[in-house]
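Notes follow the structure.
In this chain, numbering begins with 1 at the start of the sequence shown. Start at 1 and go down the list; that is how both ligands and their atoms are numbered. As the structure is a prediction and not an experimental result, all values here were calculated from the model.
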Amino acid sequence: MIIISHELPAEWIHSVTEKYETLVGPSTLESAGLTPDLQRALPEATGLLTMLTVKVDAPLLMAAPNLKVVSQMAVGVDNIDLQACQAQGIPVGHTPGVLTDATADVAMTLLLAVARKLTQTAADAREGRWGTWNPTQWLGSDLAGSTLGIVGMGAIGQATARRAKAFGMKIVYHSRGRYLEIEKELEAEKVTFRELLQQSDVVSLHTPLTAETTHLIDGSALSAMKKSAILINTARGGVVDQDALVEALRYGEISAAGLDVTTPEPLPTYHPLFQMPNCLILPHIGSATQRTRQRMAQLACENLLLGLDSQPLKHNALDLL
Ligand code: DGY
């Protein structure tokens, strides 16, 4: 039996449901994790298709002794204990590639919206604060000629860098690897993390959340950034120390931030970041297009089916270890 943690459109998961008996959870609006009835079914499950809101840890694996594969409908797998899966010999599918463009589009959308103060200016227009054309009002920052620092030059970092290059931005990056082709294509320069913080007008985060990247952007990183800098996060909320970010935005250590991800999600509406006029927050919509989400579900199903057949997955997150 296959557990699909949350409801998905029937045509997205058809390849699994036509072949296997499946138990499908509720809509994500009703429950973030595995509901009690799905948990009760774990002992019989041979496959588990999950969302990033489900914690897949050692206790869950112990409750599911027949599990042959975990397949996540997301590229990020920080909700999954990869070591525990590896120890049990359970491959972990994930969905890189298909969401690259959609996520880079949102990074660029945030960048443009924050640089040109769209939240504030649109509200001013709607709420009657639009006087005559004013030469010194609502002044944002230019992208052309400014520097974008990409932290994590994986596929989404590269796609964001390409978009920014088309807007005339200079690209610097910090990443574990060296990306010579990207350096050539975009005239990008690899720099140290410190140099990136000091040189960038916009810092955009594209790293997975791991022990090394947790709170990578802390108080010290924020104070190393330019006072005029913008921080964009479409990776994971945990990469940023949010308390430090609140302080940095409040006291002008950086000028603004655009976040598609936060800790926790959803971010409570009373959170101080929502009080900041210089912080634009989106509800984790990086991959949220019709086509992208369908492709993610289909790839998650492919990985699941391969794992059930004891075949190598198309994308196994254990290869990242
Ligand atoms: C992912 O895939 O990890 C995104 O955060 C959700 O699309």
Side-chain angles (χ1 to χ4, degrees), residues 4-9 12-13 25 27-29 32-33 48-56 70-82 85 91-111 150-160 163 175 204-214 216-217 231-240 242 257-267 280-304 313-321:
I4 299 183
S5 70
H6 293 90
E7 195 175 73
L8 290 168
W12 293 9
I13 51 172
S27 134
T28 47
L29 294 176
L48 173 62
L49 195 154
T50 55
M51 308 295 134
L52 51 80
T53 52
V54 178
K55 198 168 156 69
V56 180
V70 171
S71 180
Q72 167 127 307
M73 184 183 150
V75 62
V77 285
D78 44 282
N79 56 312
I80 299 177
D81 184 337
L82 296 181
C85 291
V92 178
H94 69 144
T95 63
V98 291
L99 48 80
T100 300
D101 284 323
T103 309
D105 285 350
V106 167
M108 203 62 209
T109 302
L110 279 171
L111 200 170
I150 297 275
V151 180
M153 198 47 122
I156 300 172
Q158 292 176 24
T160 304
R163 283 158 175 71
S175 213
S204 189
L205 306 177
H206 301 281
T207 57
L209 180 63
T210 62
E212 295 91 67
T213 63
T214 298
L216 181 68
I217 302 296
L231 177 71
I232 302 295
N233 189 6
T234 52
R236 283 291 183 270
V239 180
V240 175
Q242 276 177 192
L259 312 174
D260 184 43
V261 286
T262 57
T263 312
E265 291 182 4
L267 192 68
L280 171 56
I281 299 171
L282 302 179
H284 203 148
I285 58 163
S287 63
T289 70
Q290 181 72 29
R291 190 182 64 179
T292 296
R293 286 282 166 83
Q294 180 159 3
R295 285 182 174 171
M296 288 165 69
Q298 283 166 346
L299 183 48
C301 288
E302 280 180 62
N303 282 328
L304 186 89
L313 310 191
K314 274 194 140 170
H315 298 283
N316 186 348
L318 298 186
D319 295 341
L320 306 172
L321 289 175

Using a plain distance cutoff, I'd like to know if S287 has any nitrogen or oxygen under 3.5 Å from a nitrogen or oxygen of ligand 1.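 Min N/O separation from ligand 1 is below 3.5 Å for S287.
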N/O of R293 under 3.5 Å from N/O of ligand 1, yes or no?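 No - when backbone and side-chain N and O of R293 are compared with those of ligand 1, no distance drops under 3.5 Å.
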Can Q72 and N79 be counted as having a side-chain donor-acceptor contact under 3.5 angstrom?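 Yes, because at least one side-chain N or O of Q72 sits under 3.5 Å from a partner of the opposite role on N79.
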Among all protein heavy atoms, pick out the one at the shortest distance from atom 1 (C) of ligand 1; state its residue, atom name and that distance to 0.1 Å.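 Result for atom 1 (C) of ligand 1: V75 N, 3.5 Å.
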Protein heavy atom at shortest distance from atom 4 (C) of ligand 1: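 Going atom by atom, the protein heavy atom closest to atom 4 (C) of ligand 1 ends up being H284 NE2, 3.7 Å.
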Shortest non-hydrogen separation from [X] to [Y] and the atoms involved:
X	Y	answer
T109	D105	OG1-O, 2.6 Å
D260	I285	OD1-N, 2.7 Å
Q158	M153	NE2-O, 3.2 Å
L209	V239	CD1-N, 3.8 Å

Check ligand 1 against R236 and write out every atom of the ligand that is under 4.0 Å from a heavy-atom position of the residue.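 So the answer, numbered in order with elements, is 1 (C), 3 (O), 4 (C), 5 (O).
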Is the closest heavy atom of M73 to ligand 1 under 4.0 Å?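 No, that is not the case, since the closest heavy atom of the residue is not under 4.0 Å from the ligand.
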Just to be sure I read this right, does ligand 1 sit under 4.0 Å from the backbone of L52, its side chain, both, or neither, counting only heavy atoms?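 Side chain only; the backbone of L52 stays clear of ligand 1.
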Pick one of side chain, backbone, both or neither for how L99 approaches ligand 1, counting any non-hydrogen atom pair under 4.0 Å.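 The part of L99 near ligand 1 is the side chain, not the backbone.
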So, does T213 use its side chain to make a donor-acceptor pair with the main chain of L216 at under 3.5 Å?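 Checked: no pair found.
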